[in-house]
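All remarks here apply to the structure that follows.
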Amino acid sequence: VYTNEAEPQNKKVFTVYADQNEYFEPLTPETAAVAPKLAIDSRVYDFGRITQGDVVNTIFELKNIGKSPVNLRKIASNCTCAVTKLEKEDIAPGETIELEVSFNSVGRRGTQQKTVTIYSNDPVAPVQRVILKASVQVQSN
């Protein structure tokens, strides 16, 4: 989509998500009682106003509140500007691990919203997202 702003800021992009999810058998009460269950402490982190060129970090806590190990199948960002670092791929029942996310604002300006998608073996919510927000200010000389 193009706006009435001066080039190159006149071009805007919309993000559309589509996931191919892993199939899980329907849960019986017995299998639901022992299934893995991934919980995320927060779904959105807002860095607020940052200066273009800043690299900022945050941590999301991932916890297994189920009765079987959670396996993190894949972690994917919708932008190369958001990079993730994960302690490990398996989370024991009751265990919490950290997912560190770095946002690099080089070449970015204005309102930014990036997502990180977490794929796991949680049969109820196998695909979950966290959102990063920032307002990138261009420093004038």
Side-chain angles (χ1 to χ4, degrees), residues 1-140:
V1 174
Y2 290 91
T3 68
N4 61 356
E5 296 176 281
E7 286 190 32
Q9 290 79 27
N10 64 336
K11 184 179 177 184
K12 303 298 179 191
V13 177
F14 291 94
T15 303
V16 177
Y17 296 102
D19 290 311
Q20 182 175 351
N21 294 333
E22 183 176 346
Y23 174 76
F24 291 95
E25 293 283 334
L27 296 175
T28 65
E30 295 78 22
T31 58
V34 296
K37 185 166 179 63
L38 178 64
I40 304 171
D41 68 330
S42 174
R43 298 294 176 149
V44 178
Y45 187 83
D46 191 342
F47 291 108
R49 295 177 74 143
I50 62 174
T51 302
Q52 187 179 53
D54 287 351
V55 177
V56 289
N57 302 296
T58 190
I59 292 176
F60 293 95
E61 290 187 351
L62 309 180
K63 183 174 184 175
N64 181 356
I65 59 173
K67 301 293 183 190
S68 298
V70 166
N71 175 254
L72 301 172
R73 310 266 204 240
K74 180 179 174 183
I75 308 288
S77 170
N78 71 337
C79 178
T80 57
C81 62
V83 177
T84 62
K85 182 180 176 186
L86 189 62
E87 290 179 31
K88 59 184 185 172
E89 295 176 350
D90 294 306
I91 311 171
E95 183 180 18
T96 300
I97 67 168
E98 294 182 346
L99 171 64
E100 183 179 346
V101 184
S102 297
F103 171 67
N104 186 339
S105 67
V106 170
R108 309 269 167 205
R109 67 183 285 278
T111 302
Q112 300 291 308
Q113 181 169 304
K114 307 302 175 194
T115 61
V116 173
T117 305
I118 302 162
Y119 299 87
S120 76
N121 67 332
D122 178 336
V124 175
V127 179
Q128 299 185 48
R129 285 189 181 84
V130 294
I131 298 170
L132 305 171
K133 294 182 177 183
S135 176
V136 180
Q137 309 300 307
V138 177
Q139 199 169 29
S140 55

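We're numbering straight along the sequence, starting at 1.
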Have Asn57 and Ser102 got a donor and an acceptor in their side chains that come within less than 3.5 Å? yes
If we count only N and O atoms by modelled type, under 3.5 Å, do the side chains of Gln113 and Thr115 hold a donor and an acceptor together? no
Is the number of heavy atoms from other residues, nucleotides or ligands within 6.0 Å of CZ (Arg43) greater than 12? yes
With a 6.0 Å cut-off (strictly less than), is the heavy-atom count around CD of Glu89, excluding the residue itself, greater than 12? no
Side-chain contact test, heavy atoms from C-beta onward, threshold under 4.5 Å: evaluate it for [X] versus [Y] and give yes or no.
X      : Y     : result
Arg108 : Cys79 : yes
Ile118 : Leu99 : yes
Glu22  : Arg73 : yes
Phe103 : Cys81 : yes
Pro123 : Pro26 : no

Thinking salt bridges, do Glu95 and Lys63 make one under a 4.0 Å N-O criterion? no
Evaluate the side chain to side chain contact (heavy atoms under 4.5 Å, CB included) criterion for residues Thr96 and Leu62: first the C-alpha distance (whole Å), next the side-chain angles of each, then the deciding distance (0.1 Å), finally the verdict. CA-CA 6 Å; Thr96 300; Leu62 309 180; over 6 Å; no
Run through Ile40, Thr117, Val44 and flag the one making a side-chain contact (heavy atoms from CB on, under 4.5 Å) with Arg129. Thr117
Test side-chain contact (heavy atoms from CB on, under 4.5 Å) applied to Asn64 and Leu38, Ile97, Asp90, Ile91, the passing residue: Ile91
